[in-house]
There are 2 protein chains.
Amino acid sequence: MYVTIFSERSAKSCAPRVLEAPSKLPPVRLKAGRYLYHEGDEVQRIYRIGSGVVRLTRLLEDGRRQVISFGYPGDVVGFPAGGVHHTDCDVLVDTKLQPYRLTALRDGDGDPVLHQALLSSALNEISAMQDHFMMLGRKSAAERVASFLFVITERFGEDREGGRQITLPMCRSDIADFLGLTTETVSRSFTALRKSGVIALDGIQTVIVLDPKALQALSDGYAS
Amino acid sequence: MYVTIFSERSAKSCAPRVLEAPSKLPPVRLKAGRYLYHEGDEVQRIYRIGSGVVRLTRLLEDGRRQVISFGYPGDVVGFPAGGVHHTDCDVLVDTKLQPYRLTALRDGDGDPVLHQALLSSALNEISAMQDHFMMLGRKSAAERVASFLFVITERFGEDREGGRQITLPMCRSDIADFLGLTTETVSRSFTALRKSGVIALDGIQTVIVLDPKALQALSDGYAS
DNA sequence: CGGGTTCTTGACTATCTTCAACGAAAGTGG
DNA sequence: CCACTTTCGTTGAAGATAGTCAAGAACCCG
């Protein structure tokens, strides 16, 4: 899950991402906190997320961390390069995963539809990551946080009176490491959005977006 | 071409990137300054770069630009998402390209070796982009510039007495937009590297790396 | 050689980080 | 179930890094 605002065109193009193809492998269930794989592990399977949320991270020797993406239902994680995983993947919200053999990505295991679906997921991943570059390289802290909240709201928000509500399964430092910021800066951006009436907070995890248009404008860099 | 320093493991895993599979399509030659495709264009072909250098860019409405990557010989560019290109691609150095049909990515056009090679390129692209996230999200300006020069030197440097020499086909603003910096900051980082004796400059485009170890150390964040 | 672009450098500013303190929430053990 | 401890989140003040603005130097091209 990347959070740059898609253009009309790219949004449309990224639509066919979910696949419900059958598989010979039984689903995997993992509790919050468990790891699906670690960086350097040999790639055995790739996984489509059925329910729950996972987190993909990379570490630098000195402890600096980058959250590569959050995996939400419909996303596919675990694409290999050179036969090994290049991120850690752990579970934020109890998760049900559909595993696929690597051969399914390579040739479909005799199922052309599955093959196409997995390939499309990989290609959409490339496109989404390109969008995320713009965020990390060229957007301000306020724009990044607004983008993050806006995209999650669009994909997973539930209508409430007065706005759309989302539950954030990740902590502030996850958001910070995803957006290339510090927890303090993320926290201050949340506060600024709250004080300007764009969002309301109900506890730490629950965000109600009161003014989606303003949030979108902020995420594109148009100061409200 | 992404410029984060690969770990031992990932470096090894990214080795099999070049492919020399035959194709039914004739090679394409483009002069510097010409566009291979634009954002939004329907994807007709993907291309392996035989010689030359290309540049992939994305734009924000307000003019902010992100250089997504530089395409060097052996790299594959033009991976589609939803049937359209999501970047502009133009030529920095006169280029010879080997085009492939989309069907070659999907099923190999009856050539399993080609199919595997293109798929591997796409997957390696994902891994390389994940590394680049770390750069944009978590590295300082000095580390980014050092990483950039180090990786180009490793891949394309030519031995000279007293160091390894590279020719940069892109201008400072390209480097800046690739690393998420300004041209001034890139220029200052070059100057700092020159004054500390790590590199020498011979004109604007030619860099001689005098102390590769120091450059690598700087790129990993170990102050010299 | 001349004009225009690109690069470099300097001074100043803004943004984000760092450091520190405090409060709230969550986990633990009696 | 409650007190204690620990972690997480927020806020403030100070500081550092990179950006902005501006001018001059180097480079490129005709």
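These numbers come from a predicted model, not from an experiment.
Taking the charged nitrogens against the carboxylate oxygens, B:D94 and B:R29 have no contact shorter than 4.0 Å, which rules out a salt bridge. Ion pair B:D174/B:R65 flagged as a salt bridge, since at least one NZ, NE, NH1 or NH2 atom sits closer than 4.0 Å to an Asp/Glu carboxylate oxygen. In summary, B:D75 and B:R155 engage in a salt bridge, as defined by a charged side-chain N under 4.0 Å from a carboxylate O. The residues B:R64 and A:D220 are annotated as not salt-bridged, no charged nitrogen and carboxylate oxygen being separated by less than 4.0 angstrom.
From the 5' end on, the contacts that DNA chain C makes with chain B at under 4.0 Å to a non-hydrogen atom open and close at C:dC7 to C:dA11.
Residues A:A81 and B:S127 approach most closely at CB-CB, 3.4 Å, considering heavy atoms. Of all the heavy atoms in B:A141 and B:L181, the pair that sits closest is CB-CD2, 3.8 Å. The shortest non-hydrogen separation linking B:R144 to B:M135 is NE-O, 3.4 Å.
Judged purely by atom type and a 3.5 angstrom limit, B:Q66 uses its side chain to pair as donor or acceptor with the backbone of B:D177. In this structure a side-chain-to-backbone donor-acceptor pair under 3.5 Å is missing from A:Q165 to A:V207.
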Q: Would you mind building the protein contact string for nucleotides 10-17 of chain D? One character per nucleotide, 5' to 3', B for base within reach (heavy atoms under 4.0 Å), S for sugar-phosphate only, - for untouched.
A: BBBB----
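Here the OG-CG distance, from B:S189 to B:L218, works out to 10.5 Å after rounding to the nearest 0.5 Å.
By the 30° and 60° cut-offs, the orientation of the rings of A:F133 relative to B:H132 is perpendicular.
Note on the helix from C:dC1-D:dG30 to C:dG30-D:dC1: angle between the axes of the first and last five pairs equals 60°, rounded to 10 degrees.
Each of A:G203 and A:A142 lies near DNA chain C, and the nucleotide nearest A:A142 is the one positioned closer to the 5' end.
Here A:R45 pairs with nothing under the side chain to side chain donor-acceptor pair (under 3.5 Å) rule; sequence neighbours left out. Under the side chain to side chain donor-acceptor pair (under 3.5 Å) criterion, A:R172 pairs with no residue, sequence neighbours left out.
Look at CG on A:L168: it is 10 Å from P on D:dG9, rounded to the nearest Å. Atom CE in A:M170 sits about 16 Å away from atom C1' in D:dG9, given to the nearest Å.
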Can you give me the N/O atom pairs linking the protein to nucleotides 5-7 of chain D at distances under 3.5 Å, or say none if there are none?
none

